[in-house]
2 protein chains.
Amino acid sequence: MAVANAAVKIPLQAPAAEKRVRNRAATEQAILDAAKRLLAEEGFQNFGINAVARGAGCDKQLIYRYYGGLNGLVEAIGTDLGSWVADRIPDDTGGMFLLTYGDLMERLSLLFLDALRADPLMRRIVAWEVSESSEQVRRLSEARSRALAGWIERMRGSLAPPKGVDAQAVNAMIFAAIQHIVLASAVSDQCAGLVLKNGRDWEKAATALKRIVRGVYG
Amino acid sequence: MAVANAAVKIPLQAPAAEKRVRNRAATEQAILDAAKRLLAEEGFQNFGINAVARGAGCDKQLIYRYYGGLNGLVEAIGTDLGSWVADRIPDDTGGMFLLTYGDLMERLSLLFLDALRADPLMRRIVAWEVSESSEQVRRLSEARSRALAGWIERMRGSLAPPKGVDAQAVNAMIFAAIQHIVLASAVSDQCAGLVLKNGRDWEKAATALKRIVRGVYG
DNA sequence: CTTGCTATTCACCGCCCGGTGACAGATTGG
DNA sequence: CCAATCTGTCACCGGGCGGTGAATAGCAAG
């Protein structure tokens, strides 16, 4: 009764309903999309040539041809990141008047918190950043950093931080806190003993964040 | 003059100067040490049965026999973590009188910052925690969390947080900030645009941290 | 010495990975 | 029509992984 030949292939991906059309641009896009999807959903751990090719429903050879391998593909993701960020974080003040630097930082913090919570790809990239120091991830990290810095710069306008406070260091701390708390919660629904499951939990976190910002910038 | 047989073994690890003595306890310890060393130095990415066995200079079969596989070994690392923490973070107040909750949190923050900076194993574990949600890492995470909570509890003594502040949430933010900034700096010498190379850079970070704590707790 | 027991090693399996060379079908230009 | 080119597929390689069954080397008691 045993199956004669062991190698029964299971069609894991791309049920083949749609026939592959010969179209390089579309294939490139499919590969890039698959890469982003895979990274966002599975994380960087199982991110590889074979997995991306499977996800894109094409042969891995095409990834070498069109992107020059994984490195090039990751770089392409990085290039996308700019517009990606711009699409997901509002650029205006949301109809509020930001009178003080404290107003600004409070708003930036909360926006960044929500944006990161809602963006699995960005989360995976941040997790990657703190886990590995390869050239690949460094490029990605720089792209992300640039996009973020640009956003902050645009929002800042002409507001200047108060004297006597090392705003750069303090802000780095604040953004670090946001990133870590979001990463930790995405993986285990808690961070340093603080449960972060439902909306009420996150309200507490947001309140704490505001308190910290206001404590420093008034 | 070529060597007849191709398989010239290069003695990568354990130069064989010391002959393996038949001693189960010692071997178990060697395996555990190798695992911790490997995890601390290489990170969780290439952490596996084969690598640990190589590092310990013994056969991987022994890891299965003595620890029941990688899971058991990781669990053993977790068990160690309690004493590990106790050895590395001072338990007393360092001769200072902590009069207020702000005093306490300032001191805890700085101690934790330094301890984490000095402990690569702990850093790798934290990075692991935010990158993967397997059962393995969950155990490790819990062990770390417990050890840390115990330490804080011991240090806290009878000091109570001020009313009107959600100390748990705020503290989670503060510890999150510390963890992320240390992780990021360990990998890329910077975090959110803030350079963190030499001691002066870290003084800035510490000052910012104090400012944040004092801003909240006075 | 022989008989066990225990610690340790060895050989091997199947699997998936990254990477490459050769091939097949469509499209285009002369 | 043929030839060149482009897009896409396939088969294969070496290597490392996790995992397992069997053999071997040292010790201890009888």
Side-chain angles (χ1 to χ4, degrees), chain A residues 2-3 5-14 16 18-35 38-39 42-74 132 134-137, chain B residues 5-14 16 18-32 34-35 38-39 42-75 132 134-137:
Chain A
V3 179
N5 208 331
V8 179
K9 285 296 169 51
I10 305 158
L12 275 183
Q13 310 273 2
E18 31 180 321
K19 207 60 162 124
R20 266 233 149 281
V21 289
R22 280 171 79 83
N23 180 344
R24 169 159 181 171
T27 302
E28 282 183 4
Q29 194 58 46
I31 291 172
L32 186 58
D33 289 346
L38 189 67
L39 186 53
E42 307 286 329
F44 62 94
Q45 294 251 62
N46 296 63
F47 185 74
I49 284 278
N50 290 294
V52 172
R54 249 189 321 264
C58 71
D59 197 276
K60 58 182 166 182
Q61 178 73 21
L62 298 184
I63 301 177
Y64 288 106
R65 274 226 250 290
Y66 298 155
Y67 291 95
L70 252 199
N71 286 0
L73 185 51
V74 169
E132 197 180 300
S134 62
E135 193 54 33
Q136 270 185 28
V137 78
Chain B
N5 209 329
V8 179
K9 286 295 169 53
I10 305 157
L12 277 182
Q13 310 273 3
E18 29 180 323
K19 211 51 161 121
R20 265 226 153 282
V21 289
R22 276 171 82 82
N23 181 344
R24 170 160 180 169
T27 302
E28 282 184 6
Q29 193 58 47
I31 291 172
L32 187 57
L38 189 67
L39 187 52
E42 307 286 329
F44 60 94
Q45 294 251 62
N46 296 65
F47 185 75
I49 285 278
N50 290 296
V52 172
R54 250 190 319 265
C58 72
D59 197 273
K60 58 182 167 182
Q61 177 72 22
L62 297 184
I63 301 178
Y64 287 106
R65 276 227 232 294
Y66 297 156
Y67 290 94
L70 252 199
N71 286 0
L73 185 51
V74 169
E75 207 152 340
E132 198 180 298
S134 63
E135 193 55 32
Q136 270 185 29
V137 76

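Below, chains carry the letters A, B, ... as their sequence lines are ordered, and counting in each starts from 1.
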Among the nucleotides C:dA7, C:dT9, C:dG18, whichever has the atom closest to the side chain of A:K60 is C:dG18
For the pair made of CG in A:N46 and P in C:dC15, what is the distance, rounded to whole Å? 18 Å
Checking contacts here: which listed nucleotide (C:dT9, C:dT8, D:dG18) is nearest the side-chain heavy atoms of B:Q61? C:dT9
Any N or O donor-acceptor pair under 3.5 Å from the base of D:dC6 to the side chain of A:R24? no
If you assign B:D59 and A:F47 each to the DNA chain C nucleotide with the nearest heavy atom, which residue ends up on the more 5' nucleotide? B:D59
By nearest atom, which of the nucleotides C:dG19, D:dC17, C:dT8 is closest to the A:I49 side chain? C:dG19
Under a 4.5 Å cut-off applied to non-hydrogen side-chain atoms, are A:V74 and A:F47 in contact? yes
Per side-chain contact (heavy atoms from CB on, under 4.5 Å), A:L73 is matched among A:Y66, A:Y67, A:Y64 by A:Y67
Between P on C:dC16 and CZ on A:R54, what's the gap in Å once rounded to a whole number? 8 Å
Report yes or no: is there a donor-acceptor pair, N or O only, under 3.5 Å between the side chain of B:R22 and the base of C:dT6? yes
Answer with yes or no whether B:R65 presents, from its side chain, a donor or acceptor under 3.5 Å of a partner atom in the base of C:dT8. yes
Value rounded to 0.5 Å, distance of CZ in B:R65 from CD in B:E28: 12.5 Å
Closest heavy-atom pair, A:Q136 versus A:L70, reported as atoms and distance to 0.1 Å, is NE2-CB, 4.2 Å
Over how many whole Å does the gap from B:Y66 atom OH to D:dG19 atom C1' extend? 18 Å
Are A:T27 and D:dG8 close enough that a side-chain N or O sits under 4.0 Å from OP1 or OP2? yes
Quick check for you: to the nearest 0.5 Å, what is the distance between B:T27 atom OG1 and B:I63 atom CD1? 11.0 Å
Of the listed D:dG19, C:dT8, C:dT20, the closest approach to the B:L62 side chain comes from C:dT8
Side chain of A:Y64, heavy atoms from C-beta onward: which of D:dT7, C:dT9, C:dG19 has the nearest atom to it? C:dG19
For B:N50 and D:dG18, is the shortest distance between a side-chain N/O and OP1 or OP2 below 4.0 Å? yes
Send over the distance from B:L70 CG to D:dG18 P, rounded to a whole Å. 7 Å
